[in-house]
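A short write-up of the structure that comes next.
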Amino acid sequence: MTVEAGPAVGGDAVGDDEFDVVVVGAGPAGSAAALAARRAGASVLLLDRSDFPRDKACGDGIAAHALDVLAELGVPDAVAGHAPLPALRLVAPGGGMVARALPRPAYTVPRRVFDARLVAAAVAAGARLRRHTVRHVEVRADRVVLDGVLAARVVVGADGAGSVLRRALGHRPNPDRHLALAIRGYAPALPGPPEQLIVTSAPRWPAYAWSFPIGDGRANVGYGEVLRGEPLTRAHLVDRLGELLPGTHPATVTDLRAHHLPLSTHRPAPGHGRLLLAGDALSLINPFTGEGIFYALLSGALAGAAAAGAPEQAARRYAATLRRRLGTHLRHSSLAAWLARHRQVVDAAVRAARRDDRVYRTVVELGLGDGRLDARTLGMIGMALSAWERTPRR
C-alpha cells in the first residue's frame with residue numbers, strides 16, 4: 001500500500017502496519033475520529049477507498065453545531081471562504097410557510113471541499129492516510145486485523161451507509177421506513193436573499209426538496225423520500241425535484257447523484273469490543289430533516305477519543321459517552337419523526353413556528369443540532385393543529 005500523506009507522529013505503533021487506531025472511511029466521521037484519537041496521543045491510520053478531493057452525494061449543509069465540534073478538534077476554518085446563510089425558509093406539506101433567521105448561520109460547502117479540508121487537518125495532526133478498500137475484518141483477542149495486513153488495537157468504522165464494519169458486527173442495513181433515498185445535484189441559485197430552502201411534499205410524504213446556496217452562483221439542490229417497500233427510479237426523484245422547486249428546471253441540474261440515508265430511528269449497537277461505528281455506519285441521520293454532518297462529526301470525535309483509551313473498554317466507553325451526549329436528543333428526534341408521519345402535524349408545526357420564534361428555534365435545533373422537544377412547543381403545535389381541525393372545510 002502507498003502512504004499518500006505524511007507519516008504518523010508520536011503514538012506507539014508496533015510496526016509499519018500496526019496502529020493504536022485504524023479508522024475506516026475518511027468522511028467527516030472518520031476525520032473527526034482520527035483527529036480525536038491523535039489529540040489523545042494514539043497512532044492513527046485513516047483509510048478511504050478514494051483519493052481526495054472527491055465528491056460525495058450530500059446536501060452539503062453545515063450547521064452551527066457541526067462547527068462547534070470542529071472547533072473543539074482544532075479545525076476552525078472548515079467553512080472558510082463560504083458565505084453564511086442567515087435564514088431558513090420552510091414550506092409545509094399543506095403550503096404554509098415560515099421564514100426566519102436561524103439561531104446561528106449555516107453554510108453550504110461542497111463535500112469535495114469540506115471533506116478534503118478535514119482529511120488535511122487529520123494528516124496535519126499526525127494521522128497517516130492510505131487509499132485502501134477494506135474487505136475482510138478479523139477480530140482477535142488483542143487486536144483487529146483488516147484484510148490480513150493491517151492491525152489495530154481498535155478500529156472505527158466510519159465507512160458510510162454500506163459499512164463493511166457494520167456487517168462485520170452482524171448488523172443488517174436499515175429496513176424500509178427507516179431508510180431514505182435522495183438525489184442531489186447543482187443548479188443556478190434561486191434569486192433573492194441567500195437562505196436555506198426546504199419544501200416538503202404532501203404527495204409521497206415523508207418527502208422534501210431543498211435548495212442551499214453555495215455563494216458562487218450555484219445551489220445544492222435535491223429531493224428525497226423515505227422508502228416504503230417500492231423501488232424508486234432516478235427519473236421519479238428528478239421529476240419530484242423539479243415539481244417542488246419552482247425556478248429549478250431539471251435540465252439545468254448537473255452532477256446528479258443518488259444516495260441512501262440510514263435514519264437514526266433504527267440504530268445498531270454503537271460497537272462491540274474493539275470495533276466501533278460512527279456517522280452513517282451507525283445510522284446517525286436525523287429522521288426529521290436528513291441532516292447528518294453534525295452527527296457524523298460528533299460521533300466520530302467520541303469514537304476516536306474512546307478508541308485511544310484502554311482498547312478492551314473502547315466499545316463500552318464509547319456507548320456511554322454517546323448516550324450521555326446524544327441519547328436524549330435522539331429519543332426526542334425519533335418522537336418528532338413519529339409525530340411527523342402525519343403531515344397535518346408538520347403543517348401545524350410550521351404555523352406555530354411562524355407565530356412564535358421560540359417554537360421556530362426549538363424545531364431548528366431539533367432538526368439541525370442536538371435540540372429537544374419541550375412542553376411549550378408541543379402545546380403550541382397542538383393548539384395550531386386543533387385550530388386547523390376546527391376550521392370549516394369547503
Side-chain angles (χ1 to χ4, degrees), residues 58-71 78-111 113-114 182 184-201 207-224 241 244-248 253 286 288-295 333 336 340 346-374 376-377 380-381 384:
C58 178
D60 294 343
I62 313 297
H65 289 272
L67 300 182
D68 294 340
V69 178
L70 288 174
V79 298
H82 291 264
L85 294 173
L88 167 67
R89 183 179 301 271
L90 174 62
V91 181
M97 184 267 295
V98 59
R100 287 182 177 270
L102 288 163
R104 291 187 289 167
Y107 295 80
T108 307
V109 184
R111 293 285 296 275
V113 174
F114 186 73
R184 173 237 68 185
Y186 295 95
L190 298 173
E195 62 182 7
Q196 290 187 324
L197 172 64
I198 295 176
V199 182
T200 59
S201 170
Y208 74 85
W210 70 85
S211 178
F212 299 161
I214 298 171
D216 59 0
R218 298 178 301 152
N220 180 305
V221 299
Y223 168 80
L241 185 158
L244 289 172
L245 292 180
T248 300
V253 182
N286 191 300
F288 190 50
T289 61
E291 200 282 335
I293 298 294
F294 164 61
Y295 285 170
S333 64
V346 180
D347 290 333
V350 169
R351 289 195 295 273
R354 186 171 61 241
R355 296 189 184 102
D356 190 297
D357 186 60
R358 287 171 61 185
V359 172
Y360 173 80
R361 288 171 174 264
T362 297
V363 171
V364 168
E365 290 292 301
L366 185 69
L368 299 182
D370 56 359
R372 304 173 184 184
L373 285 169
D374 55 59
R376 184 177 184 279
T377 296
M380 294 288 289
I381 293 173

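Given the structure is predicted, the values throughout are model-derived calculations rather than measurements.
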> Does any pair with a residue in residues 93-110 pass salt bridge (charged side-chain N to carboxylate O under 4.0 Å, His left out), and if so which ones, sequence neighbours excluded?
Replying inline: Asp68-Arg104, Arg100-Asp357
Do [X] and [Y] come within less than 4.5 Å of each other through their side chains, counting heavy atoms only?
X: Val253; Y: Tyr186; value: no
X: Asp347; Y: Pro93; value: yes
X: Tyr223; Y: Leu245; value: no
X: Val359; Y: Arg376; value: yes
X: Tyr107; Y: Pro84; value: yes

>> Just verifying a value: how many Å separate Arg361 CZ and Asp356 CG, rounded to the nearest 0.5 Å?
In response: 11.0 Å
Who pairs with [X] by side chain to side chain contact (heavy atoms under 4.5 Å, CB included), at least two apart in sequence or on another chain?
X: Arg89; result: Met97, Ala99, Glu195, Leu197
X: Ala336; result: Phe288, Leu366, Leu373
X: Asp216; result: Ile214, Arg218
X: Ala63; result: Leu368

Residues two or more places apart in sequence or in another chain: which of them pass side chain to side chain donor-acceptor pair (under 3.5 Å) with [X]?
X: Thr248; result: none
X: Asn286; result: Tyr295
X: Thr362; result: Asp374, Thr377
X: Arg358; result: none

>> Among residues at least two apart in sequence or on other chains, which ones pass salt bridge (charged side-chain N to carboxylate O under 4.0 Å, His left out) with Arg372?
In response: none
> Looking at residues at least two apart in the chain, or sitting in another chain, which of them share a ring pair (Phe, Tyr, Trp, His ring centres under 6.0 Å) with Phe294?
Replying inline: His65
>> I'd like to check the ring pair (Phe, Tyr, Trp, His ring centres under 6.0 Å) partners of His82; sequence neighbours left out, ordered by chain and number.
In response: none
Show the nearest heavy-atom pair for residues [X] and [Y], with the distance to one decimal.
X: Gly367; Y: Thr289; result: O-OG1, 2.6 Å
X: Pro194; Y: Pro213; result: CA-CG, 4.5 Å
X: Ala384; Y: Arg351; result: O-NH2, 3.1 Å
X: Ala66; Y: Ile293; result: CB-CG2, 4.2 Å
X: Ser211; Y: Leu190; result: OG-CD1, 4.0 Å

> Passes side-chain contact (heavy atoms from CB on, under 4.5 Å), Val109 versus Phe212? Steps please.
Replying inline: CA-CA 10 Å; Val109 184; Phe212 299 161; over 6 Å; no
> Are the side chain of Asn220 and the backbone of Cys58 linked by a donor-acceptor contact shorter than 3.5 Å?
Replying inline: yes
> Hey, is the main chain of Val91 close enough, under 3.5 Å, to the side chain of Thr200 for a donor-acceptor pair?
Replying inline: yes
>> The test is side-chain contact (heavy atoms from CB on, under 4.5 Å); show your working for Trp210 and Leu244 and say whether it passes.
In response: CA-CA 9 Å; Trp210 70 85; Leu244 289 172; over 6 Å; no
